[in-house]
Amino acid sequence: MSHSPSIVHRQKKREQERLEPGTVLSWTTLSHPPARFGHRPRTIALIELESGAKVLAPLIATHPHIGQKVHPRMRLSHITEETLRVYEVAYEALVEVSVPVLDFPGYILALTGPSGVGKTTVSKLLTQMFGHVTVNVPILTTRAAKQGDDGEYVYTTPEEFERLKRAGSIVAATVIPSSSEDRQYGYRGADIEAIWKEGKLPVVITEMHLLSGLAEHYSRRSILSFGLLPPGKSKRAKLSQLLHRLRTRGRETEEHIKDRLKNAERDLDFFTQRSDLFDHIMVNEDLPSVIAAMKEKVPGLSKA
Amino acid sequence: MERDIFLVGSGLTPFGEHWNKSLKDLMDDAIEAALKNSGLNALDIDFVIVANMLAEVTNDQAHLGSIASSLLPHHPPALRIESACGSGALALHTACAFLESKRAETVLVIGAEKMTDASVDTVSQALMGAADSELDTPSGLTFPGIFGLIANRYMHEFGLTREQLSIVSAVHHRNGKENPFAQFRQEISPETVSKSALVADPLRLLDCSPISDGAAACILSTLHRSAFRLAASQVKSDSVSIAERPTITSFSASRDAMAAALREAELERSDISALETHDCFSIAAVINMEDLGFANQGEGIRIYEDLYAGDTPLFVNMSGGLKACGHPVAATGIKQIIDLSKFLKKAKAAHGLAHNFGGACASCGIHILENLDA
């Protein structure tokens, strides 16, 4: 009963809150864990997260000890009789050896998808899990800051934006029309190059025009491009999924949501028209599998 | 207590593996023994309370109040109490409430559990019902695991060693040797405990109370009198998940229930000479001594070192405790009161205390029994 679909569903909702580093308060190794976890001994820890919350979760450590610093890691726990794949958050002890230098020789990780598909959530998870190797490229925008923005934007005036664009400092730019104003968005080449210099991987959470702009500027081959689509068989089903998500996240007014949905419709067509711009298309049905797929497909991340 | 409540009779089945008896058979045996011991007639019972935790899972049986009632000729009204391993104490507490409110004058309280009908994995998972099913269970924890976490933390905070901890089970087994109702009646050395199989690091097999079958019944009355009067009945609670507590090396429900029980009985801690505590795991026994106020925090093991050396006036778990007697979950709380009455009678001692808890002490019941003949 402990893995019925509804229980797994609630478990999944909690998982995200648990994706924080923490400290081991205590640990134990069960010689014979419950049968569904297999027959290998299982180490479980009581962990105090950075937020102060405490969780009980599996611990991955060769030498567990109290006071150990641990990081969250999503992994497949087991597959139920109903073939439901149950993921769990395990905590991994930071390996106390010199960190191998990862090299990301001049490529960009791009994540493209319509509004509401879950790009921000995926990117937050990426930062939490691989923050030591990935850096989000800030988006330069002329729109005003608003509640719900989470440090992903650098704000500027339309004049300054124009100036930078003409000077060639902006490597990809787009205008997103809305019923109230036209907003400019773009990436600065300097931001991306600085990340490369640090030996890290620039990540862009982006949309179609910016993606094709980057592909033109840096060449298509330097972008490892992931498309993220909402679940649903038809375009209408996909759009209704998006509408639902936009409404439930409650960041925008109904008017803005309508704008976004209009743009999303165009975005969805773009996935078929410009399939050449994508290396992998993923359906955001559940977060853990999206992350797992990205980790597997990005060279460097699988080692990180 | 609002009224004088007397323990007028009690009965036990031996604890252990009863392959040829059902849950109902065990209840029947305990009821018969209790009635015989009390000298009362079955018709004197006007209410029945059954303590049980697992029957739905281990015996495919719910509706235990009526099952117990059907064992009496006049089918008195009955109900069932569940509070995990603390079900027994909670049932006694409920009986007191009925007696104090004059809803009943003579109440039969039965604790019964038949665990060996199910596989160890099933029982182990069912026992996890005493933890938080959404915060604790998904990690793969079992109860030995929860107490393994507690033990590890306790050792970290207070420097308790593995060798010291092994004394606890050695003391309980030595006490249980003389108890004809105990599941294990052989002595074990601390070294044997330290060498037994690892169950949930640092806890080993002989740190853990076993899976057992058994039933215990006692008859409490405001109408009939005996030498044993209940001086206090207190119940306290705590967060079920250990992840929601400020500390895991002390149980606030035990501390709170103890303070309330002493107040109710108008006694000092030093008036209590005999204790039956809830030693589901050896580490719990150590923490209990501290929470009940008989040792400072971090020094509970000293009482056990003294007990092992025979160097203390305090009598702790003279029955053998949960470790040697066995732990048929809900029967334990009732059994403790019965064992306490036997000990007080034999030792001519005045006050004894039974401490019974559920889960990792998310519910705790404390009863103080007074021997009027002492």
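Model, not experiment: these values are computed from the prediction. Letters A, B, ... are given to chains in the order of the sequence lines, protein chains preceding strands, and every chain is numbered from 1.
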Original post:
Rounded to the nearest 0.5 Å, how far does CG of B/Leu149 lie from CG of A/Leu25?
Top reply: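 One gets 9.5 Å once the value is rounded to the nearest 0.5 Å.
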
Subject >> From NE2 (A/His65) to CG (B/Asn152), nearest 0.5 Å >> reply: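 The NE2 atom of A/His65 sits 12.0 Å away from the CG atom of B/Asn152.
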
Other residues, nucleotides and ligands only: do more than 12 of their heavy atoms fall within 6.0 Å of [atom1] on [X]?
X        : atom1 : value
A/Arg245 : CZ    : yes
A/His32  : NE2   : no
A/His280 : NE2   : yes

Subject >> Heavy-atom pair of closest approach, residues A/Arg36 and B/Thr137 >> reply: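 Where A/Arg36 meets B/Thr137 most closely, the heavy atoms are NH2-O, 4.0 Å.
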
Original post:
In terms of heavy-atom proximity below 4.5 Å to chain B, should A/Ala45 be classed as side chain, backbone, both, or neither?
Top reply: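 Looking at A/Ala45, just its backbone touches chain B.
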
Original post:
Would you say B/Asp121's side chain and A/Ala35's backbone share a donor-acceptor pair under 3.5 angstrom?
Top reply: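 Yes, the answer is positive, given that a donor and an acceptor are paired below the 3.5 Å cut-off.
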
**OP:** Without swapping roles, check the side chain of A/Arg42 against the backbone of B/Ser139 for a donor-acceptor pair under 3.5 Å.
**Re:** yes

Side-chain touch [X]/[Y], heavy atoms, less than 4.5 angstrom:
X        : Y        : result
A/Leu56  : B/Ile146 : no
A/Pro34  : B/Thr142 : yes
B/Asp201 : A/Trp27  : yes
B/Ile150 : A/Ser26  : no

Subject >> Heavy-atom pair count under 4.5 Å with chain A, highest-scoring of B/Gly140, B/Ser124, B/Ala151, B/Pro144 >> reply: B/Gly140

**OP:** Would you mind telling me which of B/Val120, B/Leu141, B/Asp136 has the largest number of heavy-atom pairs within less than 4.5 Å of chain A?
**Re:**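 The answer is B/Leu141.
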
**OP:** Give, as side chain, backbone, both or neither, the part of B/Ile248 having an atom under 4.5 angstrom from any heavy atom of chain A.
**Re:**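 B/Ile248 touches chain A through side-chain heavy atoms alone.
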
Subject >> B/Glu134/A/Arg10 salt bridge by N-O under 4.0 Å criterion >> reply: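 Counted as a salt bridge, because a side-chain N and a carboxylate O are separated by less than 4.0 Å.
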
